[in-house]
Number of protein chains: 2
Amino acid sequence: MDTVRHLQPDKSWVDSYLEDCPARTVLDVLANKWTLLVVSALRQHDGPMRFNELRRRLTGITQKMLTQTLRALERDGLAARKVYPTVPPRVEYTLTPLGVDAGQLLNAIGEWSEHHVPEILGSRAAFDARPDPS
Amino acid sequence: MDTVRHLQPDKSWVDSYLEDCPARTVLDVLANKWTLLVVSALRQHDGPMRFNELRRRLTGITQKMLTQTLRALERDGLAARKVYPTVPPRVEYTLTPLGVDAGQLLNAIGEWSEHHVPEILGSRAAFDARPDPS
DNA sequence: CCGAATCCGGTACGATACTG
DNA sequence: CAGTATCGTACCGGATTCGG
């Protein structure tokens, strides 16, 4: 790979359009509904959030998906997980600087969605009312 | 926060953190790996793109998911689908102004991913090498 | 009690074959 | 070329169980 770097820069490992490149695996974590909501929630909140605190905020998420999402974020270095060995157990989550950075972009998607709800709902209604082409 | 909720207009229908609100259904379309890649590809390309042109660009996507993603984008008014009644058939896809707008945010996520691949891969390696807590 | 692991049923996805 | 149909599979949601 590096041998021909000076002739033709090989960026295949970061080209998201290519299958099985690392950038795709990063996108798999970011381009995900729960990731966006979890990161946005952590970002909005002042200070760390506990597990059930997040769970209550993100109506409809299951414990399993919340755990899974938080693990993936921790693994990618976007969130930090702090466990207090108390009874009852206490686990706090915060965004890392990297997570805050990504959260800014994810939050923009969320705000865009909320802002354009009316016109998108209108477009859907028009599309669904369209006559069956059969 | 909730103490003044009754004084403020009810925006629960656009609060993405609430289950079954329209904003969530918009996020379901946007916060999706294939949507991001399709919109980014359409955005980068100069002029409309044909079905198989997109398919070749997005290595690894199946016909089914590409069709499904394009349909969802069309339904939401983010992409436009133009069919030419020729033989063989020719179908061209373009982003609507709304799609271009969303595409700017989605593309930012893609670029962020590509840019931070090294540190995220490093974080994953460290996480996976971590001793089993059992 | 809080947070996570496990088992099970349904849905969404991938691969292949087929049609206009 | 641009889809649709079908089927096996992997993932998600729900409930239960476990562990501290």
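Letters A, B, ... are given to chains in the order of the sequence lines, protein chains preceding strands, and every chain is numbered from 1.
- Taking every side-chain heavy atom of Lys64(A) into account, dG13(D) is the closest of dG13(D), dA2(D), dG3(C).
- Within the nucleic acid shown, Val87(A) has no heavy atom closer than 4.0 Å to any nucleic acid atom.
- Among the atoms of the strands shown, none is found under 4.0 Å from any heavy atom of Tyr84(A).
- By the 4.5 Å heavy-atom criterion applied to side chains, Leu37(A) and Arg57(A) are not counted as neighbours.
- The side chain of Met65(A) lies closest to dG13(D) when the candidates are dG3(C), dA2(D), dG13(D).
- Among dG3(D), dA4(C), dC13(C), the nucleotide with an atom closest to any side-chain atom of Thr67(A) is dA4(C).
- For Arg56(A) and dC1(C), the CZ to P distance is 14 Å, given to the nearest whole Å.
- Between Trp34(A) and dC11(D) there is no side-chain polar atom (N or O) within less than 4.0 angstrom of OP1 or OP2.
- Here Arg50(A) lies in heavy-atom contact (under 4.0 Å) with sugar-phosphate atoms only.
- Side-chain contact check for Leu73(B) versus Gln68(B): every heavy-atom pair is 4.5 Å or farther apart.
- At a threshold of 4.0 angstrom between heavy atoms, the contacts of Arg55(A) with the nucleic acid are absent.
- With Tyr93(B) as reference, Arg81(B) is the one residue of Lys82(B), Glu53(B), Arg81(B), His45(B) to meet the side-chain hydrogen bond (donor to acceptor under 3.5 Å, both in side chains) rule.
- Between Gln63(B) and dA2(D) there is no side-chain polar atom (N or O) within less than 4.0 angstrom of OP1 or OP2.
- Using a 4.5 Å cut-off on side-chain heavy atoms (C-beta onward), Leu105(B) and Leu105(A) make no contact.
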